[in-house]
**Student:** 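This is the structure, below, for whatever I ask next.
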Amino acid sequence: MKKDLLKMENLSKEEILDILNIADQLKYEHKHGIEHHHLKGKTLGMIFQKASTRTRVSFEVGMYQLGGNALFLSSKDLQIGRGEPVCDTSRVLSRYLDGIMIRTFEQKEVDDLAKYSDIPIINGLTDDEHPCQVLADLMTIREYKKSFDGLKLAFIGDGNNMAQSLIVGALTLGMDVSIASPSGYTPDDYYLELGKKLAEKSNAKFALTDSPVEAVTSADIVITDVWASMGQEAEAKERIEAFKGYQINEDLMSYTNPNSLVLHCLPAHRDEEISTETFEKHAEEIFDEAENRLHAQKAVLVKLLGNK
């Protein structure tokens, strides 16, 4: 039976750790020039309805390093962009490809693609979730902190796809999670309720607040994202006003634990959601995080498309 990665909640704690372990191994092999052509002869289709830098490059390079091929499929070039039903596109591509990664707006489109597909579907980003990025974040956290035990993660800013996937991923691994968002910009109720259930199951703490100071106090990891995501450009001025006081800067970081990490999925709007000073102070971990998109996604590809 095929497996997909549509949301973070598709993954158990054991499955997340398995992916991270494979990612660590693949990263080690890459750094030491050891070929790992686990997907030799395999082809990944990549459907993009949202612009991308890191997602496209990391998946293309990842498939190449795994011995396979990647096809860039713009929605402008596909019949799906001209009215062909998702179910038909899915059935056709299942006959040609070994897997599909899709980066789009509505989560329903990813779910429908998986429903009618005979091959694995990977969510490369939707308005609801960004599981591949969060796996890279978790990989980076473990690289720096060695373990997830006893850690507190704080997310400051818009309760968007990143916040929602982080809630699920971090709480599944037993980390405490605190989200600081202004009223009207909090994560969806579904994820707040899911967060409560996961916190109870993992014996972790989960909190939502409108106070960035409260959220980051005693935090070991602080994460943020842009205030206006793709498709929200018309709201940019309104959002900048709403998120005043939610910038990650040195004053806010003074409330965190010593040696705390700062992560950002990029691209960063410096001196909006994060000050230039704080960004540069934590640039090493931020760009390690960006690199780890490659290794974490390769691990997902091996798990879903591999023969073992």
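When a residue number appears, it is its place in the shown sequence, counting from 1.
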**Student:** Checking the side chain of H282 only, and the main-chain atoms of T278 only, is there a donor and an acceptor separated by less than 3.5 Å?
**Tutor:** no
**Student:** Restricting to pairs with a member in residues 174-199, which pass ring pair (Phe, Tyr, Trp, His ring centres under 6.0 Å), not counting sequence neighbours?
**Tutor:** Y185-F243
**Student:** Do V213 and L252 have side chains that approach each other closer than 4.5 Å (heavy atoms only, starting at C-beta)?
**Tutor:** yes
**Student:** Are I240 and I248 joined in one hydrophobic group, where the rule is that I, L, V, M, F, W and Y side chains link up if heavy atoms are under 4.5 Å apart?
**Tutor:** yes
**Student:** Roughly how far, to the nearest 0.5 Å, is CG of D112 from OG of S90?
**Tutor:** 9.0 Å
**Student:** Please check this pair: side chain of Q65 against backbone of H36, looking for a donor-acceptor N/O pair closer than 3.5 Å.
**Tutor:** no
**Student:** Grab the two heavy atoms, one from D128 and one from Q164, that are nearest each other, plus how far apart they are.
**Tutor:** O-NE2, 2.8 Å
**Student:** Verify, without hydrogens or angle tests, whether N123 (side chain) and K7 (backbone) share a donor-acceptor contact under 3.5 angstrom.
**Tutor:** no
**Student:** Rounded to the nearest 0.5 Å, what's the gap from OG on S218 to CG on L151? Could you check?
**Tutor:** 12.5 Å
**Student:** When you check the side-chain N and O atoms of S181 and T186, is any donor under 3.5 Å from an acceptor?
**Tutor:** no
**Student:** Under the side chain to side chain contact (heavy atoms under 4.5 Å, CB included) test against L266, which residue among T53, D225, I286 passes?
**Tutor:** I286
**Student:** Between N292 and K27, is there a side-chain donor-acceptor contact under 3.5 Å, judged purely by atom types and distance?
**Tutor:** yes
**Student:** Kindly give the heavy-atom pair with the smallest separation between A163 and D158, and that separation in Å.
**Tutor:** CB-O, 3.9 Å
**Student:** Between F287 and V222, is there shared hydrophobic-cluster membership here, with clusters defined by ILVMFWY side-chain heavy atoms closer than 4.5 Å?
**Tutor:** yes
**Student:** What distance separates K42 NZ from L97 CG, expressed to the nearest 0.5 Å?
**Tutor:** 12.0 Å
**Student:** Please give me the minimum heavy-atom distance between A299 and A23, naming the atom from each residue.
**Tutor:** CB-N, 3.6 Å
**Student:** Quick check for you: to the nearest 0.5 Å, what is the distance between K108 atom NZ and T126 atom OG1?
**Tutor:** 13.5 Å
**Student:** Count I, L, V, M, F, W, Y as connected when their side-chain heavy atoms are under 4.5 Å apart, and connections chain through other members. Are F206 and V216 then in the same cluster?
**Tutor:** no
**Student:** Enter the distance from M162:CE to L125:CG here, rounded to the nearest 0.5 Å.
**Tutor:** 9.5 Å
**Student:** Let me check something: do I221 and Y246 share a hydrophobic cluster, defined by ILVMFWY side-chain heavy atoms less than 4.5 Å apart, either directly or through other members?
**Tutor:** no
**Student:** So how far is it from E9 CD to S165 OG, rounded to the nearest 0.5 Å?
**Tutor:** 9.5 Å
**Student:** Passes side-chain hydrogen bond (donor to acceptor under 3.5 Å, both in side chains), Q133 versus D137? Steps please.
**Tutor:** CA-CA 6 Å; Q133 178 64 56; D137 291 357; 2.8 Å; yes
**Student:** Which heavy-atom pair separates H264 from E273 by the least distance, and what is that distance?
**Tutor:** NE2-OE2, 2.8 Å
**Student:** Is K3 salt-bridged to E15, cutoff N-O under 4.0 Å?
**Tutor:** yes
**Student:** Could you check T224, L166, T140 and say which one makes a side chain to side chain contact (heavy atoms under 4.5 Å, CB included) with L263?
**Tutor:** T140
**Student:** Hydrophobic clusters here meaning ILVMFWY residues chained together by side-chain heavy-atom distances under 4.5 Å, can you tell me if V86 and L71 are in one?
**Tutor:** yes
